[in-house]
Protein chains: 2
Amino acid sequence: MGVTKTQNFTEEQNQVATYAKALAHPARVAILQYLLKKQTCICGDLVEELPLAQATVSQHLKELKAVGLIRGTVEGTSVCYCIDKHKWEEVRDVFFNMFSSNVECQDKCC
Amino acid sequence: MGVTKTQNFTEEQNQVATYAKALAHPARVAILQYLLKKQTCICGDLVEELPLAQATVSQHLKELKAVGLIRGTVEGTSVCYCIDKHKWEEVRDVFFNMFSSNVECQDKCC
DNA sequence: TTATTATAACGCAATATTACGATTAAATTT
DNA sequence: AAATTTAATCGTAATATTGCGTTATAATAA
């Protein structure tokens, strides 16, 4: 029904899913990569960087803000965006942890 | 419109987004964690492990198979699932690469 | 052959996501 | 004050996702 049964899964599973969902659109990946590349606050020029309308970019920014990966501070007429270092490292660690186990299947069927 | 403008983003951006989408549901995370924990092929008992109906589990398995993260081999009446080691490491590397840059913002506004 | 078991496929309903034009809000410039 | 700039919000349309009952399908067991 498009409704995820969140309460039936572990906190870790929901956390991975939530963070993964934030990265599950190329526009949001592009936004994060752009902010990472610049290593600074971006005031304004994000819409020109993406092949999407201003309203759509704003919506993706909102989602990234909702999970806490970016922050936006109003700077006069424009808004200053940057990656939240603390959250970024938390998300990184969640993924690193997920991928830390080695895959070793001894069975012949694989 | 629910349609992602894939062609307007880089291959890397689409790759991260695609793999993230595969992890963007707690049930699929749970499936992967279960396969990782067992370190072997799982024949059958996946539905009992999850708080979802068989049809729903089957659908999540299909999605994980579609991105190549798991493989299923028919073993008599049941199907044997395991993580595709090669793909798993590829996905891991894609995420590691995404998170390899350090966040250093010198601006006062952040 | 006829159950039984295990899993995939189909189809539907509810909800979520993506995209964007239009509007609004708030600060800046003229 | 009026016009301009920038970005959020609203409303809407198209499509995707999630969940599950039901129905195949296919191998094994009785």
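Computed from a predicted model, the values in this text were never measured in an experiment. Convention: sequence-line order gives letters A, B, ...; per-chain numbering from 1.
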>> Quick check: on DNA chain D, is the nucleotide nearest A/Thr77 upstream (toward 5') of the one nearest A/Phe9, or the reverse? Name the residue that is more 5'.
In response: A/Thr77
> Which residue lies toward the 5' end of DNA chain D, A/Gln59 or A/Thr6, if each is placed at its nearest nucleotide?
Replying inline: A/Gln59
> Expressed in angstrom and rounded to an integer, what is the separation of A/Glu75 atom CD from D/dA8 atom C1'?
Replying inline: 17 Å
> Between the base of C/dA8 and the side chain of B/Gln54, is there any donor-acceptor pair under 3.5 Å?
Replying inline: yes
> Given that A/Glu63 and B/Lys62 both sit by DNA chain C, which one's nearest nucleotide is further toward the 5' end?
Replying inline: B/Lys62
> Do other residues, nucleotides or ligands put more than 12 heavy atoms under 6.0 Å from B/Glu11 CD?
Replying inline: no
> B/His60 side chain N/O closer than 4.0 Å to the phosphate oxygens (OP1, OP2) of D/dT17?
Replying inline: no
>> With a 6.0 Å cut-off (strictly less than), is the heavy-atom count around NZ of A/Lys65, excluding the residue itself, greater than 12?
In response: yes
> So, the side chain of A/Arg28 versus the backbone of A/Ala22: is there a donor-acceptor pair under 3.5 Å, distance only?
Replying inline: yes
> So, for B/Phe96 and A/Phe96, is the gap between ring centers shorter than 6.0 Å?
Replying inline: yes
>> Given D/dC20, D/dT9, C/dA8, identify the nucleotide with an atom nearest to the side chain of B/Leu61.
In response: C/dA8
> In terms of side-chain heavy atoms of A/Ser78, which of C/dA19, D/dA7, C/dA8 is nearest?
Replying inline: D/dA7
> Which whole-number value in Å describes the distance from B/Asn8 CG to C/dA19 C1'?
Replying inline: 12 Å
>> From NE2 of A/His25 over to C1' of C/dC20, roughly how many Å is that when rounded to an integer?
In response: 13 Å
> More 5' along DNA chain C: A/Gly76 or A/Ala53, using each one's nearest nucleotide?
Replying inline: A/Ala53
>> Please determine whether a side-chain nitrogen or oxygen atom of B/Tyr81 lies at a distance below 4.0 Å from atom OP1 or OP2 of C/dA6.
In response: no
>> Under 4.0 Å, heavy atoms only, any strand: does A/Ser58 hit a base, just the sugar-phosphate, or nothing?
In response: base
> Across the strands shown, which category fits B/Ala55 at heavy-atom distances under 4.0 angstrom: base, sugar-phosphate, nothing?
Replying inline: base
> Tell me: CG of B/Leu64 to C1' of D/dT17, nearest whole Å?
Replying inline: 14 Å
>> Counting only side-chain nitrogens and oxygens, does B/Lys21 get under 4.0 Å of the OP1 or OP2 atom of D/dA16?
In response: no
> Side chains of A/Leu32 and A/Ile70: does their closest heavy-atom pair fall under 4.5 Å?
Replying inline: yes
> A/Lys65 has an atom NZ; how far is it from atom C1' of D/dA8, in whole Å?
Replying inline: 8 Å
>> Which nucleotide wins on minimum distance to the side chain of B/Leu52, given the candidates C/dA19, D/dG19, D/dA8?
In response: D/dG19
>> Let's see if you can work this out: which of D/dA8, C/dT7, C/dC20 has an atom nearest to the side-chain heavy atoms of A/Thr56?
In response: C/dC20
> Base, sugar-phosphate, or nothing for B/Glu48, non-hydrogen atoms under 4.0 angstrom?
Replying inline: nothing
